[in-house]
Amino acid sequence: MRGDYRFTSLASGCGDSILIEAHDKVVMVDIHYRAARAQDEDDDEAPDFAPDIRAACGNDHLDVFVSTHPDKDHVGGFGEIFHCGSPESWDSDPEDSDPKIIVDEIWCTPYGLNPHYVTDQSKPITDEIKRRNALQGTAAGERAGNRLKVMDTSRFSTGAITTDFEWRLLAPTPAEWDIPKTAEGCPPASSNPTSLVIQWTIRRFGGENLILTCGDTSVEVLERLEKDVHRKNPGHLAWHVLLAPHHCSRRSIGRVLNGGCKDEEFTESAEALKALGEQRGNGYVVSSSRRVVRGGDTPPSWHAKRRYLRILANGGEITGSVEGRFRCTGGNGASDLPAHVVFNLTSGGPTLAPAKVPATVGLGGAGAAVGGGGSYG
């Protein structure tokens, strides 16, 4: 059923592909769809989750696509699933594929509108954003399939997708998205600090479901949020479900020492961790990444995971129950089997649903449960 009160972190490797469904509306935050690999049934690392997006949208329309920033692991495959071009040019019955999904409205930052560089993965959405921007201020720009919000904290603060489905924009500020352009021939500056950081509130029968999505935001942005937001209004950063920034990277919660390559070679930021520490009840942290292992490639970082476990433990012991509230789309426990992490959004807060194995991964195919559910609170 469309908009059926779910939060889903799709199994998309080290990349964000988030669906939020509520009150007959569907929002997607970023996408990392590797089209060619996703069609290979033997490739467990890049499962085909296009059917999951189609099932969520239901009517070939996505209400809002939020592009936190234009890195390839947050925009890759956009043009494979979503229609690019005017809604009048949409093909409702293509010969060799399902119809693409029309995105009624796109959100991006000013940097996302005019990035310093464009890659093969980012070009489809960058071109689509520019097409829509050219229509702003016209009647056509108000139509579904053409709408665009270019957002920073000087332009937007709070709003609603619909009644009881609200959002609060926390970053970036103009100074955070206006990153310097590097000299020609030099590696481009990271766009991570330009990421949209949003607190989502979904209400059901008077109860709240709080979700915090951060893209690949940096430690400096989180430190600014601790100073400017957390100290004054800690509830503005509250969450029941936190999507770990930058796929559980150590660089979002601290500083790497002397360019150190080892996972433990970083100094944590107490301020950044305070900004991310406003857990409500027995919340969950989700890492959209490979399974987190000690000594593995980063991100995800084993040492960052330990910091999130401390938050989940709320000053207590890191028990097996606490460990179970850190969920990873690339596998949990001793399993490297990718699976969507799904929460039902209820009047009592989010509840963890059985993990859903994508159709192209083994062990029973689509819908096979690989992990037990759990309750919030």
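When a residue number appears, it is its place in the shown sequence, counting from 1.
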Check your understanding: So, does His32 use its side chain to make a donor-acceptor pair with the main chain of Ser12 at under 3.5 Å?
Key -> yes
Practice item. Output yes when a side-chain donor or acceptor of Glu208 lies under 3.5 Å from a complementary backbone atom of Thr201, and no otherwise. Key: no
Review point. Sequence neighbours excluded, which residues qualify as salt bridge (charged side-chain N to carboxylate O under 4.0 Å, His left out) partners of Lys100?
Key: none
Practice item. Return yes if some donor-acceptor pair links the side-chain N/O of Asn233 with the main-chain N/O of Val229 below 3.5 Å, else return no. Key: no
Review point. Which heavy-atom pair separates Ser287 from Cys248 by the least distance, and what is that distance?
Key: OG-CB, 3.4 Å
Check your understanding: Side chains of Asn209 and Tyr5: donor-acceptor distance under 3.5 Å anywhere?
Key -> no
Check your understanding: When you look at CG of Asp91, are more than 12 heavy atoms from neighbouring residues, nucleotides or ligands closer to it than 6.0 Å?
Key -> yes
Practice item. Ignoring hydrogens and angles, tell me if any N or O in the side chain of Gln136 forms a donor-acceptor pair with the backbone of Arg132 under 3.5 Å. Key: yes
Check your understanding: Should Thr346 and Phe205 be marked as a side chain to side chain contact (heavy atoms under 4.5 Å, CB included) after you check the CA-CA gap, both sets of side-chain angles, and the distance that decides it?
Key -> CA-CA 8 Å; Thr346 77; Phe205 307 113; over 6 Å; no
Exercise for review: Could you tell me whether the side chain of Leu62 reaches within less than 4.5 Å of the side chain of Ile102, counting heavy atoms only?
Suggested key: no
Point to revise | Main-chain N/O of Asp228 paired to Arg231 side chain as donor or acceptor, under 3.5 Å | key: no
Check your understanding: Does a side-chain heavy-atom distance below 4.5 Å link Val341 with Thr8?
Key -> no
Revision key, fill the gap. Rounded to the nearest 0.5 angstrom, the CG-NE2 distance for Asp216 and His246 is 4.0 Å
Practice item. Report the residues that fulfil ring-ring contact (aromatic ring centres under 6.0 Å, His included) with Phe78, sequence neighbours left out, ordered by chain and then residue number. Key: Phe65, Phe82
Point to revise | Arg310 side chain to Gly316 backbone, donor-acceptor under 3.5 Å | key: no
**Study point:** Side-chain donor or acceptor of Ser89 paired with backbone N/O of Ser86 under 3.5 Å
**Key:** yes
Study note, to complete from the structure: Residue set satisfying ring-ring contact (aromatic ring centres under 6.0 Å, His included) with His230, at least two apart, ordered chain then number -> none
Check your understanding: Can you tell me if Thr217 uses its side chain to pair, donor with acceptor, with the backbone of Cys214 under 3.5 Å?
Key -> no
Review point. Is any side-chain heavy atom of Leu212 closer than 4.5 Å to a side-chain heavy atom of Leu170?
Key: yes
Revision key, fill the gap. CG of Asp63 to CD of Glu21, rounded to nearest 0.5 Å, is 10.5 Å
Review point. Any idea which heavy atoms bring Arg306 and Ile318 closest together, and the distance?
Key: NH2-CD1, 3.9 Å
Review point. Is the NZ atom of Lys227 crowded by more than 12 outside heavy atoms at less than 6.0 Å?
Key: no
Review point. Where do Glu176 and Arg224 land on the salt bridge (charged side-chain N to carboxylate O under 4.0 Å, His left out) test, with the steps shown first?
Key: CA-CA 10 Å; Glu176 288 162 351; Arg224 191 270 301 170; 2.8 Å; yes
Check your understanding: If you group Ile, Leu, Val, Met, Phe, Trp and Tyr by side-chain heavy-atom gaps below 4.5 Å, do Val285 and Val241 land in one group?
Key -> no
Check your understanding: Listed by chain and number, what are the side-chain contact (heavy atoms from CB on, under 4.5 Å) partners of Pro174, not counting sequence neighbours?
Key -> Asp152, Thr153, Ser154, Trp177
Review point. If you measure from CZ on Arg327 to CG on Asn332, what distance do you get to the nearest 0.5 Å?
Key: 4.0 Å
**Study point:** Other residues, nucleotides, ligands: >12 heavy atoms within 6.0 Å of Lys123 NZ
**Key:** no
Exercise for review: Verify, without hydrogens or angle tests, whether Gln199 (side chain) and Ala238 (backbone) share a donor-acceptor contact under 3.5 angstrom.
Suggested key: yes
Check your understanding: If you take all heavy atoms of Val26 and Ala56, which pair is closest and at what distance?
Key -> CG2-O, 3.4 Å
Review point. Please walk me through it: do Asp98 and Arg54 pass salt bridge (charged side-chain N to carboxylate O under 4.0 Å, His left out)?
Key: CA-CA 9 Å; Asp98 292 320; Arg54 296 186 188 284; 3.6 Å; yes
Review point. Do you know which two heavy atoms are closest between Phe156 and Val150, and how far apart they sit?
Key: CE1-O, 3.5 Å
Check your understanding: Please walk me through it: do Gln279 and Arg325 pass side-chain hydrogen bond (donor to acceptor under 3.5 Å, both in side chains)?
Key -> CA-CA 12 Å; Gln279 173 187 205; Arg325 291 192 283 116; 3.0 Å; yes
Exercise for review: Pick out which of Arg307, Glu223, Glu220 makes a side-chain hydrogen bond (donor to acceptor under 3.5 Å, both in side chains) with Ser269.
Suggested key: Glu223
Point to revise | Closest contact, heavy atoms only, Thr194 versus Thr109 | key: O-CG2, 3.3 Å
Review point. For the atom pair CZ (Phe326) and CD1 (Ile311), what is the distance rounded to the nearest 0.5 Å?
Key: 10.5 Å
Review point. Looking only at atom types and distance, does a side-chain atom of Trp239 sit under 3.5 Å from a main-chain N or O of Leu276, one as donor and one as acceptor?
Key: yes
Check your understanding: Is there a donor-acceptor contact under 3.5 Å linking the side chains of Asn192 and Arg251?
Key -> no
Point to revise | Verdict with supporting geometry, Ile31 and Phe49, side chain to side chain contact (heavy atoms under 4.5 Å, CB included) | key: CA-CA 10 Å; Ile31 187 169; Phe49 54 78; 4.3 Å; yes
Check your understanding: Do other residues, nucleotides or ligands put more than 12 heavy atoms under 6.0 Å from the CD atom of Glu88?
Key -> yes
**Study point:** Ser321 and Thr319 side chains, donor-acceptor separation under 3.5 Å
**Key:** no
**Study point:** Partner residues of His74 under the ring-ring contact (aromatic ring centres under 6.0 Å, His included) criterion, sequence neighbours left out
**Key:** His69, His247
Check your understanding: Looking only at heavy atoms, what is the nearest atom pair of Thr329 and Leu10, with distance?
Key -> CG2-O, 3.9 Å
Point to revise | Criterion side chain to side chain contact (heavy atoms under 4.5 Å, CB included) on His303 and Arg250, from CA distance to verdict | key: CA-CA 7 Å; His303 291 272; Arg250 56 188 176 155; over 6 Å; no
Check your understanding: Does the side chain of Thr119 come under 3.5 Å of the side chain of Ser122 through a donor N or O and an acceptor N or O?
Key -> yes
**Study point:** With sequence neighbours excluded, residues passing ring-ring contact (aromatic ring centres under 6.0 Å, His included) with His116
**Key:** Tyr111
Exercise for review: Any chance you could lay out the side chain to side chain contact (heavy atoms under 4.5 Å, CB included) test for Trp107 and Trp167, step after step, and finish with the verdict?
Suggested key: CA-CA 12 Å; Trp107 297 0; Trp167 54 267; 3.4 Å; yes
Point to revise | Worked check of salt bridge (charged side-chain N to carboxylate O under 4.0 Å, His left out) between Glu128 and Arg131 | key: CA-CA 5 Å; Glu128 178 63 10; Arg131 181 193 72 81; 2.9 Å; yes
Point to revise | Step-by-step ring-ring contact (aromatic ring centres under 6.0 Å, His included) determination, Phe343 to His240 | key: CA-CA 11 Å; Phe343 295 91; His240 299 120; over 10 Å; no
**Study point:** Asp16 vs Ser288, side-chain hydrogen bond (donor to acceptor under 3.5 Å, both in side chains): CA-CA, chis, key distance, verdict
**Key:** CA-CA 6 Å; Asp16 285 355; Ser288 56; 2.4 Å; yes
